[in-house]
Every structure is written in structure tokens, then in C-alpha cells.
Amino acid sequence: MKVVYKICCGVDVHKKFLVATIITTTDGVQPHYEKKRFSTFNSDLRRFAEWLKSRNCFDVCMESTGKYWIPPYNILEKCGIRTTIANPKWVKAVKGNKDDTKDSKWIGDLFRLGLVPGSFIPDKGIRILREFTRYRYKLTCMRSSEKNRFQNCFTVCNVALDSVVSDMFGVSATAITDYLISTYDFDEQHCRSLLKRSLKKKADEVIESIEGYSIEDEQKLRMKFVRSHLDFIENEISLVDSVINSIVSKYESLIFLLCTIPGIRRESAVTIISEIGDDVSQFGSSKRLCCWAGLTPGNNESAGKKKSVHITRAGVYLKPALVEIAHAAVKDTGSSYYRVKYEKIAKRRGKKRAIIAIARMILTAIYQMMSTGEVWNPTDLVKIDMPENLKEKQTQRQIDKAITFLKSQGINVA
């Protein structure tokens, strides 16, 4: 087997220490090993980088263990050492021959022969943007949880307002819930006066859903706690959004390009950039990008039998964003392109598989657009998105052919 890296290092990272093994291949394929242990404090990590440089080793491979690989990676990146981060499933040692002292040697041996595919690690700016977008995603999930909790507080108090209004946090519903929390004597006329616009037509239903409610003082206090926390989360999200907008100011042209795809809005475009970066050439092809995002069916066949081909669990943050975009794209009234494709696939494969297929189509389009810089314009857009115009053109073409044929037969056509 051919040696790809004559001088390389395998690193086994832990929380408090790391074990590094430099492998040098000087003559033939017989390697020479040099092992050393370092702590994960910055001073020792710098000493680790200097040790690598002194041995003329500029290619390092380490396993992506939790977040423990990031501090060594940051130091090595600053020192100009090429670091490959490997998925644990590609460097896992054989059972019965595994311990902390042997792991770094095993990782180095695999890496030396070019058997370890590297994981995608974006540059520092994209990694910082990713931290904020992922934090915003967590805050959004917390906001949804608090909204459900606030709504459940009224449900257990015999208030069925959520069965009448479409949004418990709309202007009218918020005014009514605030009134119920603050008052002890329910006034029907005052409650009706709080209703705005279209909800005035449902005034009788609203009153009927509230009458007979019972909220204790302790329950009101809990509702205030939940509402206060919800307001705090809303404020945090607005602050995070302001920071994200300042970071992505240099990607405005790319954001505008992505927003030409049906279903993608600014927030979704920022999420996509934070996950895949602004340069997709490192993925090599759109198929590899879709596989990395967890949108490609598995390939699991043995003895002529096909086993589970479900999509993988990859793309923990990117895949939900693309699925959300796909749902918006199939409902987009401005373009029926993805809706037509979705309906065709859903008839054969079901709605869930169809929406994943649409998400993959969108990611493929993103790859091509970011590679070429062209706006969204599929080659089959005319056939799918404008069928009526196409029929008119085909009909006119057939008429012209018929007239030409009649003229060739000597028949005058008025």
C-alpha cells in the first residue's frame, strides 16, 4: 500500500490531555514512531505545535471527540499546521486492541496511508457565524417551548381561548390573557372591547371559551414567570440577530443570490452560509454535499439483499433548515416549480420522502448557484412552471407546420 504522508502525526484527544504519535517513513514502508503526551492547556498546546515543527511534521490527524478537538485545532491552525479532523467511525480501533496509548498510533497509521477522509471544517469567520446561528436556533426552540408552556397554563385553568384564536400571541389574544392574569372579576364587556379586527366577529365564541375559568393566585404567578422568560428570550433573539447581521454584511451578495430560490428567506440563507460556508468547491460535487447534509439515501446491501436505505443522521442543523425551506417552496404562490415536482414524487413515494427529495433538489441548486454565481433558473423551469405558455407555443408551432405543408402542396392559405 502506498504511503501518502511520509511524516505525519496521529493525535488522540481527551479533555485534560492528548497523546500524539509522529510517524516517519524514511526507507520503504517501515515507519518510525515517536510518542509524546501533552496537556490541553494553551501553553502546552503551543509546546505541542513547536514539537511538531521541530520534527518537520506539518500534517496532523485527530479524531473529532466532542468539542475537545477544537482547542488543539485552533493552536495548530495559527501555526500553519495542516490538520485533518476525522469522523470517529473512520478511525475506530478494533476491539481487543484499543487503549489510550495505542489510539494515536492507530490514527496515525491510517492517516499515513491515506485511509482517513477529512471532515469539513470552515474558516474561522464562518465558524464564528455558525456559533451564533446555532445559538439562535436553540433560542428559537426555547421560545417555542415557552409559548407551549404559557398556552398550557390557560388550558389547565379551563380557558379554551386557543380553540378560537389562531395565534395565542396575537394582539387580541395577548390583551385578553394579560387581562385574565391581572383581574379577579371578569367583565364581559371589557373583554369584548379588547378584541381587534377580524376577531370581533368571533366575540361570542371568545367569551364562551373563557366563561367559567378558574385561575388561582399561584397559577397567575407562574404565568407571569413564563411570560417574563418569554420576553427575555425574545429580547435575546433580537440581540443575536443584530450581531449576525453585522457578521454577514460581507456576504450580502451571496444572500441575495440564495434568496432567488423559492422558499428561501434571509434567515434561511444565513443559516445555509454558516453551515456550508461561502466556498462549496471543497465538497467536490453536489452529490457529496447532499451526502454530507444527510439528504442522500443509504447504500446497505449484503448477499443480494437490500437493507435499510434511510437517510443518515448527519446535518443536524442544516437538514432541518432545508426541510423547512422545502415546505415553504412547495407552498410558494409565486412559483409552482417545486410544488409540481413534490406532487409527482408524493404520489409514488409518499409526502415525507417527497419533501426530503425537494430539500435535496434545493441543496443541489444551491451548490450550482454558489459555484457559478448564477441566479436560480432551472433548465426545465418553462416546462414545469409555465405549462400554459408552453401549450400555446406548441399549438402555434403545429399550426405553422401545417401551413407550410399546405403551401408546399400548392394550396393557397388565406
Side-chain angles (χ1 to χ4, degrees), residues 1-25 29-40 44-45 48-49 51-53 55-77 79-123 127 130 275-277 282-284 287-289 291-294 296 298-300 302 311-318:
M1 191 172 286
K2 185 180 178 180
V3 176
V4 179
Y5 301 98
K6 291 188 176 181
I7 303 177
C8 63
C9 179
V11 181
D12 184 33
V13 187
H14 299 268
K15 182 178 181 179
K16 296 183 179 180
F17 67 92
L18 61 86
V19 179
T21 302
I22 292 180
I23 305 176
T24 306
T25 308
V29 294
Q30 189 61 34
H32 170 71
Y33 299 95
E34 185 179 359
K35 185 180 296 184
K36 204 166 185 180
R37 174 171 166 161
F38 300 89
S39 73
T40 53
D44 224 22
L45 290 177
F48 167 52
W51 178 65
L52 292 173
K53 287 183 177 180
R55 302 302 191 274
N56 200 27
C57 178
F58 292 91
D59 293 289
V60 176
C61 178
M62 69 175 74
E63 181 183 4
S64 58
T65 308
K67 297 291 184 181
Y68 300 148
W69 62 270
I70 297 179
Y73 183 87
N74 291 336
I75 298 295
L76 296 177
E77 184 183 36
C79 296
I81 297 174
R82 296 178 293 273
T83 308
T84 299
I85 306 299
N87 192 307
K89 69 180 180 180
W90 297 115
V91 294
K92 187 175 182 180
V94 180
K95 288 185 178 180
N97 191 32
K98 181 184 183 306
D99 56 46
D100 291 341
T101 60
K102 294 180 181 179
D103 279 350
S104 62
K105 178 178 176 294
W106 176 260
I107 294 171
D109 281 332
L110 294 177
F111 182 63
R112 179 175 71 100
L113 301 174
L115 299 177
V116 182
S119 300
F120 165 61
I121 307 297
D123 57 43
R127 295 205 300 270
R130 179 185 287 182
E275 292 299 324
I276 67 176
Q282 50 209 330
F283 291 101
K287 291 183 178 180
R288 289 190 62 187
L289 175 59
C291 182
W292 179 81
T296 304
N299 186 10
N300 189 6
S302 180
I311 58 175
T312 62
R313 297 172 63 185
V316 179
Y317 292 91
L318 179 60

State the CD1-CG distance between Ile22 and Asn56, to the nearest 0.5 angstrom. 9.5 Å
Give, for atom CZ of Phe120 and atom CH2 of Trp292, the distance between the pair rounded to the nearest 0.5 Å. 5.5 Å
Check for a donor-acceptor pair, side chain of Arg37 on one end and backbone N or O of Val19 on the other, with a separation under 3.5 Å. no
For Trp69, which residues count as a ring pair (Phe, Tyr, Trp, His ring centres under 6.0 Å) partner, sequence neighbours excluded? Tyr73
When rounded to the nearest 0.5 Å, the distance separating CG of Asp103 from CG of Asp12 is 4.5 Å
Could you pull out the closest heavy-atom pair between Glu275 and Tyr317, with the gap in Å? OE2-CB, 3.6 Å
Whether over 12 other heavy atoms sit under 6.0 Å from Tyr68 OH: no
Tell me if a side-chain donor or acceptor on Ser119 pairs with a main-chain N or O of Ile85 at a distance below 3.5 Å. yes
Shortest non-hydrogen pair, Gly10 vs Ile107, comes out as CA-CG2, 4.2 Å
Using the test ring pair (Phe, Tyr, Trp, His ring centres under 6.0 Å), find all partners of Tyr33 that sit at least two apart in sequence or belong to another chain. none
Going by salt bridge (Lys or Arg N to Asp or Glu O under 4.0 Å), name the residues that satisfy it together with Arg127, two or more places apart in sequence or in a different chain. Glu77
Walk me through it: do Ile70 and Asn74 pass the test side chain to side chain contact (heavy atoms under 4.5 Å, CB included)? CA-CA 6 Å; Ile70 297 179; Asn74 291 336; 3.5 Å; yes
For Leu110 and Val91, the nearest pair of non-hydrogen atoms, with its separation, is CD1-CA, 3.9 Å
Going by the rule side chain to side chain contact (heavy atoms under 4.5 Å, CB included), which residues pair with Ile311 if we only count those two or more places apart in sequence or in a different chain? Lys319, Ile356
Arg288: what forms a salt bridge (Lys or Arg N to Asp or Glu O under 4.0 Å) with it, not counting sequence neighbours? none
For Ala20, the side chain to side chain contact (heavy atoms under 4.5 Å, CB included) test, sequence neighbours excluded, returns Cys9, Val11, Leu18, Phe48, Trp51
Here the pair of heavy atoms bringing Thr21 nearest to Ser104 is OG1-OG, 2.7 Å
The reported gap from NE2 in His14 to OG1 in Thr65 (rounded to nearest 0.5 angstrom) is 7.5 Å
Salt bridge (charged side-chain N to carboxylate O under 4.0 Å, His left out) contacts in which one or both residues fall within residues 55-69, not counting sequence neighbours: Glu34-Arg55, Asp59-Arg82
Note: Gly108 and Ile23 closest approach over all heavy atoms is C-CD1, 3.2 Å
Those residues that, when tested against Asp123, pass salt bridge (Lys or Arg N to Asp or Glu O under 4.0 Å) (two or more places apart): none
Mind running side chain to side chain contact (heavy atoms under 4.5 Å, CB included) on Arg112 and Val3 for me, showing each step along the way? CA-CA 6 Å; Arg112 179 175 71 100; Val3 176; 3.5 Å; yes
For a 4.5 angstrom cut-off between non-hydrogen side-chain atoms, does Val116 reach Cys61? yes
Taking Thr83 for the side chain and Ile81 for the main chain, is one N or O donor matched with an acceptor at less than 3.5 Å? yes
Which residues satisfy the side chain to side chain contact (heavy atoms under 4.5 Å, CB included) test with Ser39, sequence neighbours excluded? Phe41, Asp44
Sequence neighbours excluded, the answer for ring pair (Phe, Tyr, Trp, His ring centres under 6.0 Å) partners of Tyr5 is Phe111
Taking every heavy atom of Leu76 against every heavy atom of Met62, the minimum-distance pair comes out as CD1-CE, 3.9 Å
Taking atom CG of Leu113 and atom SG of Cys8, what is their separation to the nearest 0.5 Å? 8.5 Å
